[in-house]
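Have a look at the structure below, then the notes.
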Amino acid sequence: MTTTFPAIPYLEWIVGRVDAATHDLATSDLNASDHDDALVPPLLSGLDDPDDETLVAQLARRYDVPESSVLVTAGASNANFLATSALLDLADELPEDGDVDTDVAESSSRDQVLVEKPGYQPLLATPDALGARVDRFVRPPEFDFELESNRISGAATEAFAYAIVTNRHNPSGKLATRPELAEMAVAADDAGGSLLVDEVYAPYVDPAADGPFGGITAAGLPNTVVTGSLTKFYGLSGLRIGWIIGPEAVVERARETSMYFPSVADPSAKLARRALHHSDDIETTARDYLSTNHDLLASFVADQPSLSGRVHPGASFAFLEHDDYDGDEVSDAAWENGVLVVPGRFFDSPDAFRLSLGGNPDDMAAALNAFGTVLDELAE
C-alpha cells in the first residue's frame with residue numbers, strides 16, 4: 001500500500017481565517033467556554049474533579065458499552081483517522097485458513113470506502129491517503145439530504161470496506177434517526193463491510209434526547225463504529241479530546257495504530273474528566289446557545305429572499321444557495337467585509353455555502369447583521 005498525505009484544500013483554506021475575521025460564521029462549535037488565554041478553559045475553572053472514574057469509564061457509561069469498546073483520541077480528526085486505519089486493516093485480513101483468491105488478495109490495498117455526498121472533505125481525504133478507493137453515495141438535496149440505505153447496496157463492490165456518514169449531516173444539518181442509522185448499518189453489513197458515523201454534531205438537539213450527550217447515536221448497532229469529541233457541543237476545542245466507540249476488534253486495532261502518534265495529553269484528559277463530571281451544567285449552557293443560535297439562523301434565512309435552503313430543526317448551521325451568486329462569490333464578498341462563511345466547493349457543491357452559528361448568541365446576531373449587509377450590497 002502506498003500512503004501519501006496531500007494537502008486538504010478546506011483545511012488549508014480555513015487556517016488563519018477564523019482569527020483574522022471580524023465576524024465568524026464558519027466555526028460550528030458552540031464555544032460554550034468563551035475562550036480566552038487561560039490555561040484552564042473558563043468553563044472548567046474552579047470546578048472539582050471526579051474522585052476515581054477514568055475518562056474511558058465515563059465515556060463507556062454514557063454509551064452503555066464496555067470499556068474495551070472505547071478509545072480516547074487526540075480530537076475527532078484523530079479518531080476518524082484511527083478508525084479508518086483500523087477498518088481498512090481489518091478489511092484486508094485474510095481468512096484463517098488462508099484460502100483466498102489471489103486476485104482479490106492483490107487488490108486488497110484498494111479497499112472501497114463509500115463517503116456521503118455532499119460531505120466533509122477530510123472524510124474523503126483520509127481513506128484516500130491510506131490507499132483506499134473512495135467512491136461516493138448521494139444524500140440528495142432534493143430529498144432533504146435523507147440517508148437512503150439502498151445507496152450503499154447500489155454502490156458497494158466486492159472490495160467494500162466501510163461507509164461513512166455524519167450525523168448531524170455536515171454541511172446541511174440534517175439529523176438522522178437511530179432507525180435510519182440502523183438501516184444504513186444493515187446495508188453496510190449486507191455488503192460485507194462496516195458503518196462509520198461521525199457524531200460530533202449528534203448532541204445538537206433541543207430538547208435533549210435519551211442518547212449520549214443528549215443526542216442520537218449509532219453506537220451498539222451491528223458492525224458500526226462512531227466517533228465524537230468535546231470540540232463542537234462542549235466548545236472545548238483546545239483540549240483536543242475525541243473518542244472511538246465500536247466493536248472491540250476495531251478499537252483494539254485503532255489502539256495499536258495510535259502508538260505511532262503522540263498520545264493524548266494528560267492535562268487534556270484530566271480536564272475532559274472534569275467536563276464530563278459537570279456535564280449537566282455545561283450541556284444546559286450549550287443547549288441554550290444552540291437553541292438561540294438556531295432561532296437566529298432560521299429567522300435570518302426566512303427574511304432573506306435571495307437565499308434558498310433549509311435550516312433543519314434544532315440545527316445551528318445550514319447549507320444555503322444564493323439566487324444570483326455561487327458559493328465562492330458569496331464567500332469572497334463576505335470576506336471583503338470581514339465576515340467568514342465557507343464556500344460550498346469544499347462540500348462538493350460550488351453553488352452553495354455553509355453558514356454556521358457557533359459563538360455567543362450576541363456575537364452571532366452581530367455577525368448575521370454584517371452578513372445581511374453583504375447580501376444587500378450584492379443585490380444592488
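Heavy atoms only: backbone and side chains are in, while hydrogens, waters and symmetry mates are out. Values in this document were obtained by computation on a predicted structure and should not be read as measured data.
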Please determine whether a side-chain nitrogen of the Lys or Arg among Lys174 and Asp144 lies less than 4.0 Å from a carboxylate oxygen of the Asp or Glu. yes
Arg345 side chain reached by Phe353 side chain, heavy atoms, under 4.5 Å: no
Arg62 to Phe213 six-membered ring, cation-pi geometry met (6.0 Å, 45°): yes
Is any side-chain heavy atom of Glu283 less than 4.5 Å from a side-chain heavy atom of Phe233? yes
Is the closest basic N to carboxylate O distance between Glu148 and Arg139 below 4.0 Å? no
For Leu236 against Ala275, the heavy-atom pair lying closest together: CD1-CB, 3.8 Å
Is the Tyr120 to Phe346 ring centre distance short of 6.0 Å? no
Taking all heavy atoms of Arg253 and all of Asp89, pick out the closest pair and write down the distance. NH1-CB, 3.2 Å
Pairing of Asp135 and Arg133 as salt bridge, 4.0 angstrom limit: yes
Shortest non-hydrogen pair, Glu199 vs Ala219, comes out as OE2-N, 4.2 Å
Within a strict 4.5 Å, meaning less than it, do heavy atoms of the Phe261 and Phe81 side chains meet? yes
Please answer: with hydrophobic residues joined when any side-chain heavy atoms are less than 4.5 Å apart, are Leu30 and Leu297 in the same cluster? no
Between Lys117 and Asp348 (salt bridge meaning N to carboxylate O under 4.0 Å), is one present in this structure? no
